[in-house]
Amino acid sequence: MPELPEVETIVRGLDKLLPGKTITGIDFNTPKSFPNAEEDVKKFLVGSKIAKVKRRGKVIIIDLSTDYTLITHLKMTGQLIYRSSNKNFGGGHPTDSLVGKLPDRSTRVVVDFNDKTQLFFNDQRKFGWMRLLPTIEVPNIDFFKKLGPEPLESSFNWQDLDKRLQRRKNSSIKPVLLDQTIVAGIGNIYADESLWMSKIHPATQVNRLTKNKIKELHSNIKAVLSLSIEKGGSTDRNYLNAEGKKGSYLEFANVFRKDGQPCVRCGTIMIKFKLFGRGTHICPKEQKIVI
DNA sequence: CACTTGACCTGTCCGC
DNA sequence: TGCGGACAGGTCAAGT
(Lines give C-alpha, C1' and ligand atoms only; values in the text may rest on other atoms or scores of the structure.)
Protein backbone atom coordinates (compact mmCIF):
# COMPACT_ATOMS: atom_id res chain seq x y z
CA MET A 1 0.00 0.00 0.00
CA PRO A 2 1.86 3.04 1.14
CA GLU A 3 4.73 4.52 -0.78
CA LEU A 4 6.82 7.54 0.19
CA PRO A 5 4.02 10.18 0.04
CA GLU A 6 1.59 8.07 2.07
CA VAL A 7 4.23 7.25 4.69
CA GLU A 8 5.28 10.90 4.82
CA THR A 9 1.65 11.96 5.36
CA ILE A 10 1.22 9.47 8.20
CA VAL A 11 4.50 10.58 9.77
CA ARG A 12 3.59 14.27 9.64
CA GLY A 13 0.26 13.46 11.27
CA LEU A 14 1.74 11.29 14.00
CA ASP A 15 4.53 13.74 14.72
CA LYS A 16 1.93 16.39 15.51
CA LEU A 17 -0.07 14.02 17.71
CA LEU A 18 2.28 11.74 19.62
CA PRO A 19 5.39 13.47 20.99
CA GLY A 20 5.16 14.02 24.74
CA LYS A 21 2.68 11.21 25.34
CA THR A 22 3.62 8.38 27.67
CA ILE A 23 2.97 4.77 26.68
CA THR A 24 0.93 3.00 29.35
CA GLY A 25 0.34 -0.29 27.58
CA ILE A 26 0.74 -2.29 24.38
CA ASP A 27 -1.15 -5.32 23.11
CA PHE A 28 -0.46 -7.56 20.15
CA ASN A 29 -1.30 -11.12 19.29
CA THR A 30 0.02 -11.67 15.76
CA PRO A 31 3.69 -12.75 16.07
CA LYS A 32 4.30 -12.00 12.42
CA SER A 33 3.22 -8.41 12.89
CA PHE A 34 5.35 -7.86 16.02
CA PRO A 35 8.15 -10.42 16.30
CA ASN A 36 9.60 -9.24 19.63
CA ALA A 37 8.72 -11.18 22.78
CA GLU A 38 5.74 -9.57 24.47
CA GLU A 39 7.39 -9.38 27.90
CA ASP A 40 10.42 -7.54 26.45
CA VAL A 41 8.21 -5.07 24.63
CA LYS A 42 6.17 -4.32 27.74
CA LYS A 43 9.34 -4.01 29.84
CA PHE A 44 11.10 -1.58 27.50
CA LEU A 45 8.13 0.31 26.14
CA VAL A 46 5.65 0.88 28.94
CA GLY A 47 6.45 4.07 30.83
CA SER A 48 8.48 5.64 28.02
CA LYS A 49 7.57 8.83 26.25
CA ILE A 50 7.29 9.46 22.49
CA ALA A 51 10.05 11.83 21.39
CA LYS A 52 9.79 12.10 17.61
CA VAL A 53 8.10 10.45 14.63
CA LYS A 54 10.03 10.35 11.36
CA ARG A 55 10.63 8.08 8.38
CA ARG A 56 13.35 6.68 6.15
CA GLY A 57 12.08 5.37 2.82
CA LYS A 58 8.79 3.63 3.56
CA VAL A 59 9.68 2.78 7.18
CA ILE A 60 8.11 4.77 10.04
CA ILE A 61 10.46 5.48 12.94
CA ILE A 62 9.02 6.36 16.34
CA ASP A 63 11.80 7.50 18.67
CA LEU A 64 11.22 7.14 22.38
CA SER A 65 12.72 9.27 25.11
CA THR A 66 14.57 6.14 26.23
CA ASP A 67 17.24 4.34 24.20
CA TYR A 68 14.59 2.45 22.25
CA THR A 69 12.85 3.00 18.94
CA LEU A 70 9.70 1.55 17.45
CA ILE A 71 9.87 0.97 13.70
CA THR A 72 7.03 -0.01 11.36
CA HIS A 73 6.81 -1.12 7.76
CA LEU A 74 3.25 -0.97 6.45
CA LYS A 75 3.96 -3.04 3.30
CA MET A 76 0.75 -3.38 1.24
CA THR A 77 -2.17 -2.94 3.63
CA GLY A 78 -0.81 -1.51 6.87
CA GLN A 79 -2.34 1.49 8.63
CA LEU A 80 -1.26 3.46 11.70
CA ILE A 81 -4.32 5.23 13.04
CA TYR A 82 -4.48 7.42 16.11
CA ARG A 83 -7.72 7.70 18.07
CA SER A 84 -8.48 10.09 20.84
CA SER A 85 -11.61 8.14 21.70
CA ASN A 86 -13.84 5.42 20.34
CA LYS A 87 -17.00 6.75 21.86
CA ASN A 88 -18.01 8.92 18.90
CA PHE A 89 -17.70 6.17 16.35
CA GLY A 90 -20.64 4.60 14.66
CA GLY A 91 -22.70 7.69 15.35
CA GLY A 92 -21.63 9.74 12.39
CA HIS A 93 -19.90 12.53 14.25
CA PRO A 94 -18.88 15.08 11.57
CA THR A 95 -15.19 15.00 12.47
CA ASP A 96 -15.02 11.22 12.59
CA SER A 97 -12.42 9.48 10.54
CA LEU A 98 -13.43 7.11 7.77
CA VAL A 99 -12.76 3.92 9.70
CA GLY A 100 -15.23 2.39 12.06
CA LYS A 101 -14.74 1.21 15.59
CA LEU A 102 -11.25 0.08 16.47
CA PRO A 103 -9.84 -2.42 17.15
CA ASP A 104 -11.31 -4.43 14.29
CA ARG A 105 -10.38 -7.81 12.85
CA SER A 106 -7.30 -6.49 11.07
CA THR A 107 -5.88 -4.76 14.16
CA ARG A 108 -2.50 -6.31 15.00
CA VAL A 109 -1.14 -3.91 17.64
CA VAL A 110 -2.74 -1.42 20.04
CA VAL A 111 -0.62 1.15 21.90
CA ASP A 112 -2.24 2.94 24.87
CA PHE A 113 -1.21 6.40 26.05
CA ASN A 114 -1.50 8.15 29.39
CA ASP A 115 -4.29 10.46 28.18
CA LYS A 116 -6.51 7.48 27.19
CA THR A 117 -5.74 7.90 23.48
CA GLN A 118 -4.60 4.95 21.38
CA LEU A 119 -2.55 4.08 18.31
CA PHE A 120 -3.74 1.16 16.16
CA PHE A 121 -1.58 -0.81 13.74
CA ASN A 122 -4.02 -2.42 11.33
CA ASP A 123 -2.82 -4.75 8.59
CA GLN A 124 -5.20 -6.93 6.65
CA ARG A 125 -2.59 -9.02 4.83
CA LYS A 126 -0.04 -9.33 7.66
CA PHE A 127 2.89 -8.42 5.40
CA GLY A 128 3.74 -5.40 7.54
CA TRP A 129 5.54 -5.40 10.86
CA MET A 130 6.33 -3.36 13.92
CA ARG A 131 9.55 -3.89 15.87
CA LEU A 132 11.10 -2.48 18.99
CA LEU A 133 14.86 -2.14 19.00
CA PRO A 134 17.63 -0.14 20.66
CA THR A 135 17.89 3.22 18.90
CA ILE A 136 21.57 2.66 18.26
CA GLU A 137 20.72 -0.47 16.24
CA VAL A 138 18.29 1.25 13.89
CA PRO A 139 20.82 2.23 11.20
CA ASN A 140 22.27 -1.28 11.34
CA ILE A 141 19.23 -3.22 10.26
CA ASP A 142 19.66 -4.69 6.80
CA PHE A 143 16.87 -2.71 5.22
CA PHE A 144 18.38 0.65 6.21
CA LYS A 145 21.95 -0.33 5.42
CA LYS A 146 21.05 -1.13 1.82
CA LEU A 147 18.47 1.63 1.34
CA GLY A 148 19.05 4.16 -1.45
CA PRO A 149 18.88 7.96 -1.06
CA GLU A 150 15.77 9.98 -0.25
CA PRO A 151 14.49 11.28 -3.60
CA LEU A 152 13.12 14.54 -2.17
CA GLU A 153 16.32 15.66 -0.49
CA SER A 154 17.79 18.58 -2.41
CA SER A 155 21.17 16.83 -2.41
CA PHE A 156 19.69 14.08 -4.61
CA ASN A 157 20.57 15.32 -8.10
CA TRP A 158 20.12 13.76 -11.51
CA GLN A 159 23.72 12.62 -11.67
CA ASP A 160 23.14 10.59 -8.49
CA LEU A 161 20.11 8.96 -10.05
CA ASP A 162 22.07 8.28 -13.23
CA LYS A 163 24.98 6.69 -11.38
CA ARG A 164 22.65 4.46 -9.36
CA LEU A 165 20.57 3.44 -12.37
CA GLN A 166 23.70 2.38 -14.23
CA ARG A 167 24.33 -0.29 -11.58
CA ARG A 168 21.40 -2.06 -13.22
CA LYS A 169 21.99 -1.01 -16.81
CA ASN A 170 20.71 -4.23 -18.39
CA SER A 171 17.47 -4.24 -16.49
CA SER A 172 14.18 -2.59 -17.45
CA ILE A 173 13.69 0.81 -15.87
CA LYS A 174 10.51 0.09 -13.91
CA PRO A 175 11.78 -2.72 -11.66
CA VAL A 176 14.90 -0.64 -11.04
CA LEU A 177 12.79 2.31 -9.85
CA LEU A 178 10.94 -0.06 -7.53
CA ASP A 179 14.23 -1.33 -6.08
CA GLN A 180 14.58 0.44 -2.73
CA THR A 181 18.38 0.07 -2.78
CA ILE A 182 18.54 2.30 -5.88
CA VAL A 183 16.21 5.07 -4.63
CA ALA A 184 14.10 4.93 -1.47
CA GLY A 185 10.34 5.29 -1.42
CA ILE A 186 9.10 4.80 -4.98
CA GLY A 187 6.39 2.16 -5.44
CA ASN A 188 4.09 1.03 -8.21
CA ILE A 189 1.92 4.16 -8.43
CA TYR A 190 4.72 6.71 -8.60
CA ALA A 191 6.88 4.55 -10.86
CA ASP A 192 4.06 4.49 -13.43
CA GLU A 193 3.30 8.18 -12.98
CA SER A 194 6.89 9.39 -13.29
CA LEU A 195 7.55 7.16 -16.33
CA TRP A 196 4.40 8.49 -18.03
CA MET A 197 5.46 12.06 -17.33
CA SER A 198 8.87 11.31 -18.82
CA LYS A 199 7.39 9.44 -21.83
CA ILE A 200 9.47 6.36 -21.04
CA HIS A 201 8.17 2.83 -21.60
CA PRO A 202 8.59 0.93 -18.30
CA ALA A 203 10.29 -2.00 -20.05
CA THR A 204 13.00 0.22 -21.58
CA GLN A 205 16.50 -0.99 -20.70
CA VAL A 206 18.32 1.45 -18.47
CA ASN A 207 21.24 1.67 -20.90
CA ARG A 208 18.87 2.85 -23.64
CA LEU A 209 17.93 5.98 -21.69
CA THR A 210 19.67 9.16 -22.78
CA LYS A 211 21.12 11.51 -20.18
CA ASN A 212 18.37 13.97 -21.01
CA LYS A 213 15.71 11.34 -20.33
CA ILE A 214 17.29 10.51 -16.99
CA LYS A 215 17.40 14.21 -16.15
CA GLU A 216 13.72 14.44 -17.02
CA LEU A 217 12.88 11.33 -15.03
CA HIS A 218 14.73 12.70 -12.01
CA SER A 219 12.77 15.92 -12.05
CA ASN A 220 9.47 14.10 -12.63
CA ILE A 221 10.06 11.72 -9.71
CA LYS A 222 10.47 14.75 -7.45
CA ALA A 223 7.43 16.48 -8.93
CA VAL A 224 5.14 13.46 -8.63
CA LEU A 225 6.16 12.64 -5.06
CA SER A 226 5.88 16.29 -3.96
CA LEU A 227 2.44 16.72 -5.51
CA SER A 228 1.21 13.54 -3.87
CA ILE A 229 2.43 14.66 -0.43
CA GLU A 230 0.57 17.91 -1.01
CA LYS A 231 -2.58 15.89 -1.73
CA GLY A 232 -2.14 13.65 1.29
CA GLY A 233 -1.08 10.59 -0.72
CA SER A 234 -3.08 8.08 -2.76
CA THR A 235 -6.02 6.12 -1.43
CA ASP A 236 -6.65 3.24 -3.78
CA ARG A 237 -8.27 0.87 -1.34
CA ASN A 238 -6.61 0.65 2.05
CA TYR A 239 -4.56 3.72 2.68
CA LEU A 240 -5.61 6.09 5.44
CA ASN A 241 -3.54 8.71 7.22
CA ALA A 242 -2.88 8.94 10.95
CA GLU A 243 -6.35 10.37 11.54
CA GLY A 244 -8.03 7.71 9.41
CA LYS A 245 -8.62 10.00 6.44
CA LYS A 246 -8.08 9.33 2.74
CA GLY A 247 -5.57 10.96 0.41
CA SER A 248 -6.65 12.55 -2.87
CA TYR A 249 -3.63 12.18 -5.16
CA LEU A 250 -5.34 9.63 -7.42
CA GLU A 251 -7.71 12.37 -8.58
CA PHE A 252 -4.64 14.04 -10.03
CA ALA A 253 -2.95 10.90 -11.37
CA ASN A 254 -2.42 10.80 -15.13
CA VAL A 255 -1.92 7.11 -15.85
CA PHE A 256 -2.22 4.92 -12.74
CA ARG A 257 -5.62 3.18 -12.86
CA LYS A 258 -6.53 5.25 -15.94
CA ASP A 259 -6.54 2.37 -18.43
CA GLY A 260 -9.39 2.73 -20.92
CA GLN A 261 -9.30 6.52 -20.59
CA PRO A 262 -7.70 8.97 -23.05
CA CYS A 263 -4.21 10.24 -22.34
CA VAL A 264 -4.52 13.90 -21.28
CA ARG A 265 -1.60 14.83 -23.52
CA CYS A 266 -2.44 13.04 -26.77
CA GLY A 267 -5.91 11.49 -26.44
CA THR A 268 -4.74 7.91 -27.03
CA ILE A 269 -6.57 5.32 -24.93
CA MET A 270 -4.23 4.22 -22.17
CA ILE A 271 -3.64 0.56 -21.34
CA LYS A 272 -2.71 -1.69 -18.45
CA PHE A 273 -0.58 -4.82 -18.65
CA LYS A 274 1.55 -6.97 -16.41
CA LEU A 275 5.28 -6.30 -16.30
CA PHE A 276 7.53 -8.32 -14.00
CA GLY A 277 4.51 -9.31 -11.99
CA ARG A 278 3.26 -5.78 -11.41
CA GLY A 279 0.24 -4.02 -12.87
CA THR A 280 1.65 -1.40 -15.24
CA HIS A 281 -0.11 1.54 -16.88
CA ILE A 282 1.06 3.44 -19.97
CA CYS A 283 0.04 5.61 -22.86
CA PRO A 284 0.87 3.23 -25.73
CA LYS A 285 1.53 6.04 -28.19
CA GLU A 286 3.90 8.17 -26.15
CA GLN A 287 5.66 5.47 -24.18
CA LYS A 288 7.48 3.31 -26.73
CA ILE A 289 10.36 0.98 -26.05
CA VAL A 290 13.64 2.33 -27.44
CA ILE A 291 15.63 -0.53 -28.99
C1' DC B 1 26.75 -10.99 -9.69
C1' DA B 2 22.57 -9.52 -12.43
C1' DC B 3 18.12 -10.42 -13.23
C1' DT B 4 13.38 -12.60 -12.79
C1' DT B 5 9.86 -15.24 -10.51
C1' DG B 6 7.25 -16.83 -6.72
C1' DA B 7 5.97 -16.63 -1.89
C1' DC B 8 4.17 -14.33 1.92
C1' DC B 9 -1.48 -13.23 3.49
C1' DT B 10 -6.39 -11.73 3.27
C1' DG B 11 -10.13 -9.64 0.95
C1' DT B 12 -12.61 -8.30 -3.07
C1' DC B 13 -14.17 -8.38 -7.60
C1' DC B 14 -15.36 -10.60 -11.96
C1' DG B 15 -16.96 -14.29 -14.91
C1' DC B 16 -19.27 -18.57 -15.21
C1' DT C 1 -25.96 -17.05 -4.69
C1' DG C 2 -21.83 -19.85 -5.06
C1' DC C 3 -17.29 -20.91 -6.59
C1' DG C 4 -12.80 -20.46 -8.74
C1' DG C 5 -9.39 -17.52 -10.24
C1' DA C 6 -7.09 -13.18 -10.75
C1' DC C 7 -5.58 -9.32 -8.56
C1' DA C 8 -3.96 -5.73 -4.89
C1' DG C 9 0.13 -0.01 -3.61
C1' DG C 10 6.02 -4.27 -0.99
C1' DT C 11 9.85 -6.92 0.01
C1' DC C 12 12.50 -11.28 0.25
C1' DA C 13 14.37 -15.75 -0.95
C1' DA C 14 15.32 -18.78 -4.38
C1' DG C 15 15.78 -19.76 -9.05
C1' DT C 16 18.18 -19.18 -13.73
Side-chain angles (χ1 to χ4, degrees), chain A residues 1-10 29-35 55-60 71-80 99-100 104-108 121-131 141-148 164-196 202-208 221 224-225 228-229 231-241 246-260 272-281:
Chain A
M1 150 207 195
E3 310 180 28
L4 187 151
E6 291 75 33
V7 174
E8 176 67 22
T9 303
I10 292 169
N29 48 22
T30 313
K32 233 193 107 133
S33 305
F34 207 141
R55 70 159 184 89
R56 175 80 172 92
K58 299 173 190 169
V59 175
I60 297 167
I71 60 174
T72 304
H73 199 310
L74 301 172
K75 292 287 181 85
M76 302 276 253
T77 54
Q79 304 170 325
L80 272 186
V99 268
D104 63 21
R105 64 178 161 171
S106 73
T107 300
R108 311 298 171 197
F121 173 35
N122 282 2
D123 185 19
Q124 181 187 104
R125 287 169 78 178
K126 299 183 193 168
F127 289 170
W129 45 258
M130 186 175 263
R131 278 173 65 186
I141 66 168
D142 254 20
F143 186 86
F144 283 137
K145 275 202 295 199
K146 297 190 204 151
L147 197 57
R164 298 186 146 266
L165 292 182
Q166 298 312 324
R167 298 192 340 205
R168 306 277 302 278
K169 58 188 166 66
N170 294 316
S171 181
S172 300
I173 182 65
K174 179 166 173 180
V176 178
L177 287 181
L178 294 177
D179 183 341
Q180 303 298 296
T181 71
I182 301 293
V183 180
I186 301 173
N188 208 35
I189 297 176
Y190 305 107
D192 280 5
E193 288 293 317
S194 54
L195 289 168
W196 177 88
T204 308
Q205 302 268 292
V206 168
N207 58 13
R208 295 294 174 194
I221 287 170
V224 162
L225 295 176
S228 183
I229 291 173
K231 303 298 176 191
S234 299
T235 295
D236 184 33
R237 38 183 24 189
N238 274 280
Y239 167 74
L240 295 173
N241 71 14
K246 298 182 179 186
S248 68
Y249 173 79
L250 286 187
E251 296 168 28
F252 302 85
N254 288 299
V255 70
F256 186 83
R257 293 281 155 89
K258 302 289 180 187
D259 42 309
K272 177 179 182 181
F273 61 103
K274 198 161 236 190
L275 184 68
F276 302 108
R278 309 304 305 275
T280 298
H281 311 75

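Keep in mind that the numbers below use all heavy atoms, side chains included, and drop hydrogens, waters and symmetry copies. Residue numbers start from 1 in every chain, and the chains themselves are labelled A, B, ... in the order their sequence lines are given, proteins ahead of strands.
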Set out, line by line, the N/O atom pairs under 3.5 Å between protein and nucleotides 9-11 of chain B.
residue, atom, partner, partner atom, Å
B:dC9, O2, A:R125, NE, 2.9
B:dC9, N3, A:R125, NH2, 3.4
B:dT10, OP1, A:K126, NZ, 2.8
B:dG11, O4', A:Q124, OE1, 3.1

What does the list of N/O pairs under 3.5 Å between the protein and nucleotides 2-4 of chain B look like, with a distance for each?
residue, atom, partner, partner atom, Å
B:dC3, OP1, A:N170, N, 2.9
B:dC3, OP1, A:S171, N, 3.3
B:dC3, OP2, A:R168, NE, 3.2
B:dT4, OP2, A:S171, OG, 3.3

N/O to N/O distances under 3.5 Å, protein versus nucleotides 11-15 of chain C:
residue, atom, partner, partner atom, Å
C:dT11, OP1, A:H73, NE2, 2.7
C:dT11, OP2, A:K58, NZ, 2.5
C:dT11, OP2, A:Q180, NE2, 3.2

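A:G279 comes within 4.0 angstrom of sugar-phosphate atoms only, judged by non-hydrogen atoms across all strands, and of no base. Looking at heavy-atom distances under 4.0 Å, A:D236 makes contact with a base.
The minimum heavy-atom distance linking A:I186 with A:A191 is given by the pair CG2-N, 3.7 Å. Of all non-hydrogen atoms in A:P175 and A:P202, the two that sit nearest each other are CD-O, 4.4 Å. A:Q205 approaches A:N170 most closely through the heavy-atom pair OE1-O, 2.8 Å. Closest approach of A:R131 and A:I141 over heavy atoms only: NH2-CG2, 4.1 Å. Residues A:G78 and A:D123 come closest through the heavy atom pair N-OD1, 3.5 Å.
Screening A:L225, A:N188, A:V255 for a side chain to side chain contact (heavy atoms under 4.5 Å, CB included) involving A:E193 leaves a single residue, A:V255.
Within the structure, salt bridge (Lys or Arg N to Asp or Glu O under 4.0 Å) contacts touching residues 247-258 of chain A (residues at least two apart or in different chains) are A:D236-A:R257.
To the nearest whole angstrom, the two C1' atoms, one in B:dT12 and one in C:dT11, are 23 Å apart.
Following rounding to the nearest Å, A:K272 (NZ) and C:dA6 (P) show an atom-to-atom distance of 14 Å. Rounded to a whole Å, the CZ atom of A:R55 is 14 Å from the P atom of C:dG10. Look at CZ on A:F256: it is 13 Å from C1' on C:dG10, rounded to the nearest Å.
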With side-chain contact (heavy atoms from CB on, under 4.5 Å) as the test, would you mind laying out the steps for A:T235 and A:L250 before giving the verdict?
-> CA-CA 7 Å; A:T235 295; A:L250 286 187; over 6 Å; no

Report the C-alpha distance between A:L74 and A:I10 in whole Å, list the side-chain angles of each, state the deciding distance to 0.1 Å, and finish with yes or no for side-chain contact (heavy atoms from CB on, under 4.5 Å).
-> CA-CA 11 Å; A:L74 301 172; A:I10 292 169; 3.6 Å; yes

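Using the six-membered ring where Trp is involved, A:H73 and A:W129 have ring planes that are tilted, between 30° and 60° apart.
The salt bridge (charged side-chain N to carboxylate O under 4.0 Å, His left out) test applied to A:K174 returns A:D192, not counting sequence neighbours.
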Annotated structure of DNA chain C as dot-bracket, pair cut-off 3.5 Å, Watson-Crick or G-U only, | for inter-strand, is .|||||||.|||||||

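A:Y190 has its ring centre less than 6.0 Å from the ring centre of A:Y249.
In A:K246, the NZ atom is not crowded: 12 or fewer heavy atoms of neighbouring residues, nucleotides or ligands sit closer than 6.0 Å.
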